[in-house]
K.L.:
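Here it is: the structure, laid out below.
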Amino acid sequence: MSNEETSIHWFRKGMRLHDNPSFKLAYESKNSAGQYYKLRPIYILDPYFRKHIRAGMNRWRFLQQSLVDLDLSLRKLGTRLYVVRGLPEDVFPGLFTKWNVKLLTFELDTEPYARKRDEHVENLARQHKVKVEQKVSHTLYNTELVLRANKGSVPMTYQKFVSVVSSMPEPRRPLSAPTILPAECLLNDDLENEEYDVPTLDELLTLKGFNPEDIKPCLYPGGEVEALRRLEEYMKNKTWVCKFEKPNTAPNSLKPSTTVLSPYMKFGCLSSSLFYYRLKEVIGNSAHSKPPVSLIGQLYWREFYYTVGAATPNFDKMLGNPICCQVPWDSNQEALEAWANGKTGYPFIDAIMRQLNDEGWVHHLARHAVACFLTRGDLWISWEQGLAVFEELLLDADWSMNAGNWMWMSASAFFHQFYRVYSPVAFGKKTDKSGDYIRKYVPELIKYPDEYIYEPWSAPKSVQYRAGCVIGVDYPKRIVVHEEVYKINITKMSLAYKNTKAIKEKNVHPAPSPEEKQKKKRKFK
DNA sequence: GTGCCTGTTGTGCGC
DNA sequence: AGCGCACAACAGGCA
């Protein structure tokens, strides 16, 4: 084992070689004598089954594929990915000593869990006299600088966010992936040491408590190579890019109507900066759609939620979250499970949840429909419970956007027009009148005539028999009557808004004096 | 404080 | 097809 001075680049998100400034530091840095450090690119994998890590099989597979891809690309450069088993706080002290580490680099992560972890690791590094370098490269903008540009306050609306960043310098340009590494930074040690190999999918799934045989076909393979291929596939179609308007894309097409680049963005297989500048390049001087509905607008939504998420305490919870409406949600395990497993008896809702379970991705508007149904629309179940299910099932489950969007969809923050309720029957019909999407994911209903496919409970018994699917026997009866519950829920939301407002006023202002109370009463008369 | 405007993605109806 | 409107009426931002 060589005892030469080493730099570690720690991959977590940012699973790519292109546009990776902290990785670049690891292979380009030299010690005071002007010698390159020996490079050890690592990924730390928790080898235990932990129930609190809410990731389903599909996302573990995506991660495993991304690791294989990263290892392959690194090997082409003469190094490899060293997968280290353990928890970061447990493994770093040993690595620092064993490898004679002088420099540790990684991409900055703004999530609370990651911050705590990284602080801990920074302390360990300090104790071992290891220099730590972090770079902002997951987001287009440094979230702290956005806050500073807004005089230290959090932009609470998308438009406000856009106006703040438009006053800031353009995002940094993406770096190219290295085609060659400095020969002096390359190590011959451990290149074939199996101890550091990427686990096979079967190994990983078994480790995480799953039966590998249960996994569904892979529609969106992980990794940087696939991310770049997918990006370029969409960038080829200039007209489509220029005309893209998110609200006009269908939630229930049989093939995705949007790019499905979100999983690659979540893991950092694709750089936000590269995506941004490729869009600018493709658009050029042509007429094009604008934020919030355009593709660049979609990148801004990500930045918006990252910024608010980084600056708001308890952003992923209702309690203790200053921006979140306080709503007395019901707990209803049975209804929650029916929703999560696609058995609510509303075919459109069930189709979406089954697609999510099987494929790990559903369209943004489909997420709206099922989220509204779970929370303020129908079941009156907490958005935090929905967030947990999404976190498990979505390939692109991303802490800031998951919490931000759940607050949006439940009208708990950002979006406040709670009286606008999605109909679990009407919404899907707009883009799929004949219900082909439902037939694909809810095959029980495959023989239902178009006129009953969205509301099979209203089909006459004779039609149900003829279609080979009797409601209440072969497919569930609907668990709520939407046209009754949504009206009740609107009044409950209205009350929750009034109560939340009252609590906020009580906290901000001192209690009103008796005279002031009288004044207020008079005003309301 | 007050009033006005705006807000990526509602529904159902009528023209 | 696409628009305007009623439905009942929210918060944030700004003048």
Side-chain angles (χ1 to χ4, degrees), chain A residues 150-151 153-164 167 243-253 257-258 262 288-305 307-308 312 321-327 348-349 352 362-373 375-378 401 404-433 454-455 482-505 508-509 512 516 519-520 523:
Chain A
N150 196 36
K151 293 170 192 156
S153 71
V154 187
M156 283 304 294
T157 65
Y158 180 87
Q159 297 302 344
K160 181 72 190 162
F161 173 85
V162 171
S163 90
V164 172
S167 73
K243 288 192 174 157
F244 185 92
E245 292 189 357
K246 188 66 162 273
N248 294 336
T249 57
N252 47 7
S253 51
S257 59
T258 51
S262 52
H288 57 92
S289 56
K290 299 263 162 60
V293 295
S294 64
L295 281 164
I296 285 180
Q298 304 311 302
L299 290 177
Y300 285 161
W301 279 105
R302 179 173 180 271
E303 298 290 315
F304 172 59
Y305 285 129
T307 305
V308 189
T312 307
N321 180 343
I323 67 169
C324 184
C325 183
Q326 303 297 303
V327 181
F348 180 58
I349 300 298
I352 295 165
V362 290
H363 186 277
H364 185 63
L365 291 176
R367 300 180 196 197
H368 272 223
V370 296
C372 182
F373 188 86
T375 58
R376 65 187 170 87
D378 295 85
M401 280 186 291
N405 276 311
W406 271 100
M407 283 190 271
W408 180 291
M409 296 182 282
S410 62
S412 297
F414 308 116
F415 172 82
H416 306 281
Q417 285 145 293
F418 53 75
Y419 39 89
R420 293 187 176 176
V421 178
Y422 288 86
S423 160
V425 170
F427 186 65
K429 282 186 186 170
K430 282 191 286 190
T431 42
D432 178 23
K433 212 159 177 263
Y454 282 88
E455 322 163 69
H482 172 76
E483 53 278 29
E484 289 169 10
V485 290
Y486 92 86
K487 287 179 189 159
I488 300 168
N489 289 346
I490 286 176
T491 62
K492 289 204 271 189
M493 271 316 271
S494 173
L495 194 63
Y497 264 71
K498 286 196 180 86
N499 289 337
T500 302
K501 207 173 169 182
I503 294 166
K504 271 188 189 163
E505 277 167 11
V508 172
H509 307 291
E516 278 171 323
K519 258 190 200 167
K520 274 189 183 169
K523 212 172 157 186

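Naming convention: chains lettered A, B, ... in sequence-line order (proteins, then strands); numbering from 1 in each chain.
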K.L.:
NZ of A:K492 versus C1' of C:dA9: gap in Å, rounded?
P.N.:
20 Å
K.L.:
Under 4.0 Å between any heavy atoms, over every strand shown, what does A:K430 touch: base, sugar-phosphate, or nothing? Just pick one.
P.N.:
sugar-phosphate
K.L.:
Looking at C:dC10, B:dT11, B:dT9, which one has an atom nearest to any side-chain atom of A:S423?
P.N.:
B:dT11
K.L.:
In whole Å, what separates the P atom of B:dT9 from that of C:dG4?
P.N.:
16 Å
K.L.:
If you compare all heavy atoms of A:V293 against all heavy atoms of A:P247, which two are closest, and at what distance to 0.1 Å?
P.N.:
CG1-CD, 3.5 Å
K.L.:
Could you report the tightest heavy-atom contact between A:A496 and A:V327, atom names first, then the distance?
P.N.:
CB-CG2, 4.0 Å
K.L.:
In the structure I gave you, are the side-chain heavy atoms of A:S253 and A:T431 within less than 4.5 Å of one another anywhere?
P.N.:
no
K.L.:
Would you say A:F418 stacks on C:dC10, if stacking means ring centres under 5.5 Å apart and planes within less than 30 degrees?
P.N.:
no
K.L.:
Taking only the P atom of each, what is the distance from C:dC5 to B:dT6 in whole angstrom?
P.N.:
15 Å
K.L.:
Reckon A:K429 has a side-chain N or O less than 4.0 Å from the OP1 or OP2 of B:dT11?
P.N.:
no
K.L.:
Choosing from C:dA11, B:dT9, C:dG12, which nucleotide comes nearest the side chain of A:W408?
P.N.:
B:dT9
K.L.:
Of all heavy-atom pairs between A:T249 and A:T258, which one has the smallest distance, and what is that distance?
P.N.:
OG1-CG2, 3.7 Å
K.L.:
With a non-hydrogen cut-off below 4.0 angstrom, is A:Y158 in contact with a base, only sugar-phosphate, or nothing?
P.N.:
sugar-phosphate
K.L.:
Please work out which of the three classes, parallel, tilted or perpendicular, describes the rings of A:Y486 and A:H482, given edges at 30° and 60°.
P.N.:
parallel
K.L.:
Please report the distance, rounded to the nearest Å, between CH2 in A:W301 and P in B:dG7.
P.N.:
11 Å
K.L.:
Checking all strands, does A:V293 fall into the base, sugar-phosphate, or nothing category for heavy-atom contacts under 4.0 angstrom?
P.N.:
base
K.L.:
Is there a Watson-Crick or G-U wobble partner for B:dG1 with both distances under 3.5 Å, and which nucleotide is it?
P.N.:
none
K.L.:
Quickly work out the A:M409 CE to B:dG10 P distance and round it to whole Å.
P.N.:
14 Å
K.L.:
Measuring from the side chain of A:T157 (C-beta onward, heavy atoms only), which nucleotide among C:dC10, B:dT8, C:dG12 has the closest atom?
P.N.:
C:dG12
K.L.:
Determine the interplanar angle of the A:W408 and A:F415 rings, folded into 0 to 90°, and report it as parallel if under 30°, tilted if 30 to 60°, perpendicular if over 60°.
P.N.:
parallel
K.L.:
Considering Watson-Crick and G-U wobble pairs with both distances under 3.5 Å, what does B:dT8 pair with?
P.N.:
none
K.L.:
Please tell me which of the listed nucleotides, B:dT8, B:dT9, C:dG13, lies nearest to the side chain of A:L365?
P.N.:
B:dT9
K.L.:
In terms of relative ring orientation, are A:W301 and A:Y158 parallel, tilted or perpendicular, with 30° and 60° separating the classes?
P.N.:
parallel
K.L.:
Considering only atom C1', compute the distance from C:dC14 to B:dG1 and round it to an integer number of Å.
P.N.:
13 Å
K.L.:
Whole-Å distance between B:dT8 P and A:R420 CZ?
P.N.:
11 Å
K.L.:
Judged by each residue's nearest nucleotide on DNA chain C, which is more toward the 5′ side, A:I490 or A:K501?
P.N.:
A:I490
K.L.:
Nearest whole angstrom, please: distance from the P of C:dC10 to the CZ of A:R376.
P.N.:
14 Å
K.L.:
Pick base, sugar-phosphate or nothing for A:F427, based on heavy-atom distances below 4.0 Å to the nucleic acid.
P.N.:
sugar-phosphate
K.L.:
With rounding to whole Å, what would you report as the distance between B:dC5 and C:dA9 at their C1' atoms?
P.N.:
15 Å
K.L.:
Given atom CE of A:M493 and atom C1' of B:dG10, what is their separation to the nearest angstrom?
P.N.:
15 Å
K.L.:
For C:dA8, which nucleotide is its Watson-Crick or G-U wobble mate, given both distances must be under 3.5 Å?
P.N.:
none
K.L.:
Between B:dT8 atom P and A:Y422 atom OH, what is the distance in whole Å?
P.N.:
12 Å
K.L.:
According to a strict under-4.0 Å criterion, is A:K160 in side-chain N/O contact with OP1 or OP2 of C:dC14?
P.N.:
yes
K.L.:
For a quick check of understanding: with a heavy-atom distance under 4.0 Å over all strands, which category does A:Y419 fall into, base, sugar-phosphate or nothing?
P.N.:
base
K.L.:
Contact class for A:Q159 vs. all strands (heavy atom < 4.0 Å): base, sugar-phosphate, or nothing?
P.N.:
sugar-phosphate
K.L.:
Just the rounded figure in Å: distance from P of B:dT11 to NE2 of A:H482.
P.N.:
8 Å
